[in-house]
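Order of listing sets the numbers, starting from 1, for every ligand and every atom in it.
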Amino acid sequence: MKNKALPNYTQTIPTGRFAPSPSGELHLGSLVAATASYLNAKKQQGRWLVRIDDIDGLRVKPGSEAAILRTLTDFGFEWDHLIRQSERLPVYQDAINTLLHTGYAYYCDCSRSAVLSRTNRIGYYDNYCRHRKLAPKKQQSIRVTTPNGNWSWHDEIQLAQQTDWQATLGDFIVQRSDDVFAYHLACAIDDSDFGVTEVVRGADLLDASAPQQYLQHLLQRSTPYYAHHPLLFDAQSGIKLSKASHAQPLNKSKATAQLCEVLHFLGQTPPTGYEKNSLSDCWLWAKQHWDITKVPTNHTTLTSN
Ligand code: GLU
């Protein structure tokens with residue numbers, strides 16, 4: 001497999017990344033992920049990449065990418081490289097070909113409703129097509145064969161993790177029946193290709209880590225370390241802040257206050273009244289004092305957004 005026209009990214013420099021989907025504007029929950037990944041990289045004099053997860057055209061909202069980048073700039077983030085997944089399709093295709101050629105992937109013609117009626121579970125596959133040896137055909141998905149047993153790994157914040165493949169997931173999709181590459185595949189490859197050494201992101205993606213590490217393993221690529229921070233929930237609705245739950249977009253005029261709020265949420269303790277300082281002073285304090293061991297595990301901290 002070849003890396004296509006990449007800068008010379010190796011794993012010698014600590015490298016973090018923030019990977020928003022351009023399906024809406026950034027909100028306070030996104031600021032938590034951006035801040036945690038940024039500070040963890042910057043504390044180690046590392047690089048920080050922004051990756052726009054835009055392979056699924058149906059989820060892309062026009063204007064979102066520009067709005068996301070504008071907000072990041074307004075909030076004082078500086079990135080070393082901008083990656084768009086939509087520009088990396090040949091690399092993902094190479095990986096699919098490799099998985100098929102090495103026998104780790106197979107075609108599947110099960111519809112979502114057929115799987116659901118057999119398993120009664122969402123997000124789980126019963127490996128029905130694993131041995132059917134279907135020939136390539138339009139409107140079939142491609143799945144990767146998962147082993148029996150557990151996948152164990154360590155998360156810097158959530159600590160010891162274990163995934164029992166056949167109890168929780170089964171053979172998962174790497175390319176959808178509409179030909180869109182699956183998030184796990186694209187993410188696993190990009191994290192390796194861009195020399196990402198640390199994936200710091202929200203705990204809603206904790207379960208994504210085992211499939212992504214497994215794909216890196218099958219494709220003989222490097223694996224970063226992982227740290228999944230707790231999620232922000234809206235005080236009134238009790239719902240996780242997300243684009244889907246219509247969380248308020250970040251507001252430039254509140255940047256310093258919101259950064260301080262996020263720092264507190266992440267277990268960091270800027271001095272009382274620090275939000276009255278300039279944004280750059282807050283960043284300076286945060287870069288000097290960031291300590292990932294202080295980030296709480298707990299997901300349920302509430303905020304009034
Ligand atoms: N694009 C994904 C999201 O916005 C995040 C991917 C990641 O951090 O791995 O939920």
Heavy atoms only, cut-off 4.0 Å: how does F18 contact ligand 1, side chain, backbone, both, or neither?
neither
Applying a strict 4.0 Å limit to heavy atoms, is R17 in contact with ligand 1?
yes
With a 3.5 Å distance limit and no angle check, can you tell me whether T145 reaches the backbone of Y104 through a side-chain donor-acceptor pair?
yes
Might you confirm whether atom OH of Y128 has over 12 heavy atoms from other residues, nucleotides or ligands at distances under 6.0 Å?
no
Answer with yes or no whether the side chains of Y106 and D171 bring together a donor and an acceptor at under 3.5 Å.
yes
Ring centroids only, cut at 6.0 angstrom: are W48 and F77 within range, meaning strictly under it?
yes
In this structure, atom 4 (O) of ligand 1 is nearest to the protein heavy atom S21 OG, 3.3 Å
Between OG1 on residue T146 and OH on residue Y125, distance to nearest 0.5 Å
11.0 Å
Answer side chain, backbone, both or neither: which part of C187 comes under 4.0 Å from ligand 1, heavy atoms only.
side chain
Which protein non-hydrogen atom lies closest to atom 10 (O) of ligand 1, naming both residue and atom, and how far is it?
L205 CD1, 4.1 Å
Is it the side chain, the backbone, both or neither of D204 that has a heavy atom closer than 4.0 Å to ligand 1?
neither
Using only heavy-atom distances, determine whether the side chains of S141 and R176 contain a donor-acceptor pair under 3.5 Å.
no
Can you find an N or O of Q212 that's nearer than 3.5 Å to an N or O of ligand 1?
no
